[in-house]
Each structure stands twice: as C-alpha cells, then as structure tokens.
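Read through the structure below, which is laid out as structure tokens, and then see the notes.
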Amino acid sequence: ERSSPQKIMSTPPLFVSQPAYPDPVLPDLDFTASAQRVTSGSAAGATIFVGNLDVGIESVEAVVKELFVQMGPVSAVSVPKDKTTGRYRGFAFVDFADPPSAQYAVAVLHG
C-alpha cells in the first residue's frame with residue numbers, strides 16, 4: 001500500500017499593523033521649521049505654510065522637499081524670494097496630494 005505524500009503548506013507570516021506614516025528623518029542641518037496651518041485648495045489636496053526657515057541654507061527648496069516628502073506625497077514646494085534682493089523670504093508653501101499627509105506634517109513639526 002502506497003502512502004500519498006503529505007503536502008506541507010506554509011502560511012504567510014501575519015503582518016503586524018504599522019502606523020500609516022513612518023517617523024520622518026529630519027535633516028542634519030541648522031533647519032528650523034514650523035508648519036502652521038493646513039488649507040484645502042482642492043478636494044484632493046492640501047497646502048501648508050512653513051515658517052521660520054533658515055535662509056542661509058543654499059538649497060532651501062530641496063531641503064524643504066526632502067523633509068516633507070517623508071511625511072506624504074508632495075505635489076509642489078514653493079519658497080518665495082524677495083523681488084528686489086532675490087533672497088529667500090524665510091517661509092514656504094508645501095502642497096500635499098492628500099489632506100491627511102498635510103495634517104500629519106503639521107502634527108510632527110508644530111506639535
């Protein structure tokens with residue numbers, strides 16, 4: 001009498017619930033920012049105002065984007081410059097693809 005081979009079934013590991021967003025890695029620069037308000041420009045996205053930027057950093061726009069892209073999908077970063085001097089004015093606007101990401105960014109940086 002021949003025995004049939006046993007099938008060994010492995011079950012995939014159970015996934016431990018993780019937070020919706022990982023903790024951001026803040027840049028190792030003299031960079032202080034505080035996200036102060038969230039405005040919904042459209043039904044799909046949200047914009048936050050970021051103040052108290054160190055204008056002495058060479059690539060302020062790149063640093064702001066690097067910081068906020070860790071908190072959610074960023075659609076645009078705007079860092080206004082002074083019209084006469086061409087220097088950054090010390091604040092920025094970050095457009096997120098979804099309001100929860102913008103609210104998370106405010107909670108991390110302003111909370």
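Note that this is a predicted model, so its numbers are computed, not measured. All residue numbers refer to positions in the sequence shown, counting from 1. Worth knowing before you read on, the calculation uses all heavy atoms, side chains too, and leaves out hydrogens, waters and symmetry mates.
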- request: Find out whether Y104 and F96 are in side-chain contact, i.e. whether some heavy atom of one side chain is under 4.5 Å from a heavy atom of the other.
  value: no
task: Give me the one residue out of L109, V94, V106 that meets side-chain contact (heavy atoms from CB on, under 4.5 Å) with V50.
output: V94
- request: Mind checking ring pair (Phe, Tyr, Trp, His ring centres under 6.0 Å) for F91 and listing every partner two or more places apart, or none if nothing turns up?
  value: F49, F93
Determine the minimum heavy-atom distance between [X] and [Y], stating which atoms define it.
{"X": "G72", "Y": "S101", "value": "CA-OG, 3.6 Å"}
{"X": "E66", "Y": "V69", "value": "O-CG1, 3.6 Å"}
{"X": "A46", "Y": "P99", "value": "CB-CA, 3.8 Å"}

query: To the nearest 0.5 Å, how far apart are CG in L53 and CD in E61?
result: 11.0 Å
- prompt: Are the side chain of D54 and the backbone of G56 linked by a donor-acceptor contact shorter than 3.5 Å?
  reply: yes
Run the side-chain donor-acceptor check on residues 75-85: report pairs under 3.5 Å with partners two or more places apart or on a different chain.
residue: S75; atom: OG; partner: D95; partner atom: O; Å: 3.1
residue: D82; atom: OD1; partner: T84; partner atom: N; Å: 2.9
residue: D82; atom: OD1; partner: T84; partner atom: OG1; Å: 2.6
residue: D82; atom: OD1; partner: T85; partner atom: N; Å: 3.0
residue: D82; atom: OD1; partner: T85; partner atom: OG1; Å: 3.4
residue: T85; atom: OG1; partner: R87; partner atom: N; Å: 3.3

